[in-house]
Amino acid sequence: MANENEQINGKEQTIFHHVGNRFQTEDREIHIVARLEEPLLLVLGNVLSDEECDELIRLSKDNMNRSKIGDTREVNEIRTSSSMFFEGNEHDILTKIENRVSNIMNIPIEHGEGLQILKYTTGQEYKAHFDYFSAASKASKNNRISTLVMYLNDVEQGGETFFPELNFSVSPKKGMAVYFEYFYADHYLNERTLHGGAPVTAGEKWVATQWMRKQRVR
Ligand SMILES: O=C(O)CCC(=O)C(=O)O
Ligand SMILES: [Fe+2]
């Protein structure tokens, strides 16, 4: 894995290592559509096929509905969307996607939390937050180091992934993704990955998020 402290050309070493405007994974060619260097933030195209997006929504729909039957559904001010996690290897399609995602993120899938599916309906949002845990929390011992947010549908209006410290936002587009990492020795760079999901103003928004940890979790 990348050494977080190593400096090359005055820039810190990154985890993501693909260069150029496209690269090959085992089963798919990924497009690098846009790139910000520090903190490293990429907009990626052709990450998931339309069929894979539809299938992920179909598979998780039931689980989100099921979770609503219970009365313990957490009400969270900062995230109004509903969510579920896959356990990993639950479905063939998941194994395929996880392998691809591991290749894209350049981290073994054993470091990956189960894929998270988020569904936002009109008016729902995810306020600005960090994906990594604060140094004070127990979870920070094996902290998250990188994120891939994959868009599973085209949103009619709103729902951008926004980065307030970078004055940058990404509009959801089915099959595309936004990648960023926050394993820098320079904490200022990590803090610049503050981000959120802007309110969906028309339609629905579905995303699949993969978080990678510093050490293995499975
Ligand atoms: O919905 C988005 O655009 C962002 C999702 C996100 O920040 C997350 O899953 O951690
Ligand atoms: Fe996030």
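This chain uses plain numbering: 1 for the first residue, then up along the sequence. As the structure lists them, so they are numbered: ligands from 1, and atoms in each ligand from 1. In what follows, every heavy atom counts, from backbone to side chain, and hydrogens, waters and symmetry copies are set aside.
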Measure the distance from [atom] to every protein heavy atom, then report the residue, atom name and distance (to 0.1 Å) of the closest one.
atom                   : answer
atom 1 (O) of ligand 1 : Tyr120 OH, 2.5 Å
atom 3 (O) of ligand 1 : Thr161 OG1, 2.5 Å
atom 9 (O) of ligand 1 : Thr209 OG1, 2.9 Å

Looking at [Y] and [X], is any side-chain nitrogen of the basic one under 4.0 Å from a carboxylate oxygen of the acidic one?
X      : Y      : value
Arg218 : Glu110 : no
Lys205 : Asp154 : no
Arg100 : Glu98  : no
Glu113 : Arg144 : yes
Lys11  : Glu38  : no

Linking I/L/V/M/F/W/Y whenever their side-chain heavy atoms sit closer than 4.5 Å, directly or via other members, would Ile93 and Phe86 fall into one cluster?
yes

Is it possible for you to say whether Ile78 and Tyr120 belong to one hydrophobic cluster, with membership spreading through side-chain heavy-atom contacts below 4.5 Å?
yes

Atom name of the N, O or S atom in His195 that lies nearest to the Fe ion (ligand 2)
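Minimum-distance N/O/S atom of His195 relative to the Fe ion (ligand 2) is NE2.
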
Does Glu160 use its side chain to pair, donor to acceptor, with the backbone of Gly197 at less than 3.5 Å?
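Checked: no pair found.
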
Which value, rounded to the nearest 0.5 Å, describes the distance between Tyr184 atom OH and Leu189 atom CG?
6.0 Å

Only heavy atoms of Asp131, strictly under 4.0 Å: list the atoms of ligand 1 that pass.
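Selected atoms, number and element: 10 (O).
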
Contacting atoms of ligand 1, where contact means under 4.0 angstrom from a heavy atom of Gln116:
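Close to Gln116: 9 (O).
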
Checking the N or O distance criterion of under 3.5 Å, is ligand 1 in contact with [X]?
X      : result
Tyr151 : no
Lys205 : yes
His129 : yes

NE2 (His129) to the Fe ion (ligand 2) to OD1 (Asp131): angle, nearest 10 degrees?
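Output for this angle: 90°, rounded to tens.
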
Leu118 contact mode with ligand 1 (heavy-atom cut-off under 4.0 Å)
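The answer is the side chain of Leu118.
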
What part of His195, side chain from CB on, backbone N/CA/C/O, both or neither, has a heavy atom under 4.0 Å from ligand 1?
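Just the side chain.
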
Heavy-atom contact under 4.0 Å between Phe162 and ligand 1?
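Under 4.0 Å: no for Phe162.
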
